[in-house]
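Remarks on the structure that follows.
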Number of protein chains: 2
Amino acid sequence: MAVDAATPRLDEQVCFALHAASRAVTALYRPLLDDLGLTYPQYLVMLDLWEHGDRGVKELGKALSLDSGTLSPLLKRLEKAGLVRRERRGDDERSVRVTLTGDGDRLRDKAVPLPGLVGDAMGLDAAQLDELRVTLNRLTDSVTRYRTGLGS
Amino acid sequence: MAVDAATPRLDEQVCFALHAASRAVTALYRPLLDDLGLTYPQYLVMLDLWEHGDRGVKELGKALSLDSGTLSPLLKRLEKAGLVRRERRGDDERSVRVTLTGDGDRLRDKAVPLPGLVGDAMGLDAAQLDELRVTLNRLTDSVTRYRTGLGS
DNA sequence: CGCAGTTGAATTGTGCACAACTAAATTGCG
DNA sequence: CGCAATTTAGTTGTGCACAATTCAACTGCG
């Protein structure tokens with residue numbers, strides 16, 4: 001074999017395929033989310049709030065794997081847009097509770113059709129999408145465990 | 001069915017699984033790439049240069065799906081780190097040729113083991129990784145075509 | 001009670017992603 | 001040739017990702 005046989009090739013890297021796919025999907029969402037006045041990460045936060053209604057910053061961070069350095073300014077922008085309220089909890093002044101406003105709650109209706117549209121554009125059938133999601137979640141779990149110490 | 005049956009659920013979204021997986025893999029690379037003095041996007045650029053040796057900014061952008069707004073400052077940082085040279089072409093002064101320096105070329109050896117390490121951490125066997133890569137590339141193509149006009 | 005240690009959010013700083021715009025070089029057409 | 005249209009990088013501005021730090025609020029232990 002040639003000496004450079006081991007040189008990593010860009011188009012063979014799963015990591016690059018992952019990176020590219022993620023950016024492509026975000027780019028597909030962008031014009032749709034523009035109509036709702038949201039960015040993609042803001043949309044993920046709203047999805048969580050629509051589902052759970054009432055969250056601490058810490059809880060959001062855990063659900064989305066984001067830290068306060070990302071969430072704090074993002075939540076301030078959502079607050080400025082009138083979609084959420086942020087208030088210190090009475091029982092623990094350290095923690096901030098994030099709540100949907102009326103506008104934030106109503107925005108949900110406009111968001112309902114998005115996943116269907118995006119799913120269609122992916123060019124995979126329901127079974128393939130399901131399998132992909134399962135595989136990606138396994139990969140994320142595995143990588144995260146690996147990364148956070150435990151070797152397996 | 002309940003009125004909220006259609007509310008998109010975060011953990012059912014393929015887009016979120018993609019986003020989370022991509023960030024988890026980048027986070028796994030980070031400490032490894034720190035040893036090479038590279039960030040993950042810089043590593044992708046170096047992969048392309050190790051493979052092709054000599055590239056215009058435009059070519060890099062096409063290969064990595066990045067525009068000059070991202071690449072220009074990134075390439076300047078690589079130049080400052082002594083890994084690449086940037087020079088205007090003689091025959092077309094608009095275009096900038098990016099070349100590896102000796103240090104940039106030598107760094108390749110240190111990068112060879114990375115994909116193997118990361119592949120292991122993903123917890124999937126070779127066949128699953130291969131299938132995942134193919135599926136992601138199909139998805140990216142499909143989404144990109146959809147996004148850039150042609151409906152199919 | 002008092003204080004060390006922990007926890008939760010925010011801030012700061014670096015770098016990427018991308019849209020919108022600028023500016024220079026080149027191409028091609030009348 | 002002369003100029004409009006195109007091509008190529010770079011710049012500016014906004015927002016996300018994340019490390020490192022700060023600070024206040026809380027907890028628990030002596």
- Just how far, in rounded Å, is C1' of D:dC26 from NZ of A:K58? 14 Å
- Message: Please tell me if A:K80 has a side-chain N or O lying less than 4.0 Å from either OP1 or OP2 of D:dG15.
- Response: no
- Touch class at under 4.0 angstrom, heavy-atom based, for B:D91 against every strand present: sugar-phosphate
- Which is true for A:L71 with a 4.0 Å heavy-atom rule: it touches a base, it touches only sugar-phosphate, or it touches nothing? nothing
- Ignoring backbone atoms, test whether A:K76 places a side-chain nitrogen or oxygen under 4.0 Å from the OP1 or OP2 oxygen of D:dG15. no
- Task: Ignoring the backbone of B:V96, work out which of C:dA9, D:dA9, D:dA17 is nearest its side chain.
- Result: D:dA9
- Interatomic distance where OH belongs to B:Y43 and C1' belongs to C:dG15 [whole Å]: 19 Å
- Whole-Å distance separating the CZ atom of A:R97 from the P atom of D:dA25: 18 Å
- Message: Just to be sure I understand the rule, does B:R89 reach a base, reach only the sugar-phosphate, or reach nothing, if contact means heavy atoms closer than 4.0 Å?
- Response: nothing
- Note on the structure: Considering only heavy side-chain atoms of B:Q42, the closest of D:dA9, D:dG15, C:dG15 is C:dG15
- Query: Hey, is B:R9 close enough to A:E51 for a salt bridge, meaning N to O under 4.0 Å?
  - Reply: yes
- Message: Quick check on C:dA19: is either OP1 or OP2 less than 4.0 Å from any side-chain nitrogen or oxygen of A:R30?
- Response: yes
- Query: Is it true that B:R108 and B:D105 have a side-chain N and a carboxylate O under 4.0 angstrom from each other?
  - Reply: yes
- Value in whole Å for how far the C1' atom of D:dT14 lies from CG of A:D34: 12 Å
- Interatomic distance where OH belongs to A:Y29 and P belongs to C:dC18 [whole Å]: 16 Å
- Query: Got a salt bridge between A:D141 and A:R138, using NZ or NE/NH1/NH2 to carboxylate O under 4.0 Å?
  - Reply: no
- Task: With DNA chain C as reference, determine whether A:R23 or A:P73 sits nearer its 5' end, using the nearest nucleotide of each.
- Result: A:P73
- Where does the angle between the aromatic ring planes of A:Y43 and A:Y29 fall among parallel (under 30°), tilted (30 to 60°) and perpendicular (over 60°)? tilted
- Task: Report yes if a donor N or O on one partner sits less than 3.5 Å from an acceptor N or O on the other, where the partners are the side chain of B:S72 and the base of D:dA9; otherwise report no.
- Result: no
- Query: Does a side-chain N-to-carboxylate-O contact under 4.0 Å join B:R55 and B:D48?
  - Reply: yes
- When you match B:E93 and B:D67 each to their closest nucleotide on DNA chain C, which lands nearer the 5' end? B:D67
- Message: Whole angstroms only, please: what is the NZ-C1' distance between A:K62 and C:dA9?
- Response: 18 Å
- Using whole Å, report how far CG of A:D92 lies from C1' of D:dA24. 11 Å
- Task: Classify the side chain of A:T39 and the base of D:dG15 as holding, or not holding, a donor-acceptor pair under 3.5 Å.
- Result: no
- Interatomic distance, A:L38 CG vs D:dG15 C1' [rounded to whole Å]: 13 Å
- Query: What about B:R94, does its side chain sit under 3.5 Å from the base of C:dT26 through a donor-acceptor pair?
  - Reply: no
- Choose from D:dC18, C:dA9, D:dG10 the nucleotide whose nearest atom is closest to any side-chain atom of A:L66. D:dC18
- Which one, C:dA17, C:dT11, D:dA9, comes nearest to the side chain of A:S68? C:dT11
- Task: Please determine, for the side chain of A:T70, which listed nucleotide (D:dA17, C:dA9, D:dA9) has the closest atom?
- Result: D:dA17
- Item | Pairing of A:D92 and A:R89 as salt bridge, 4.0 angstrom limit | no
- Item | Contact under 4.0 Å: B:R86 side-chain N or O vs D:dA9 OP1/OP2 | no
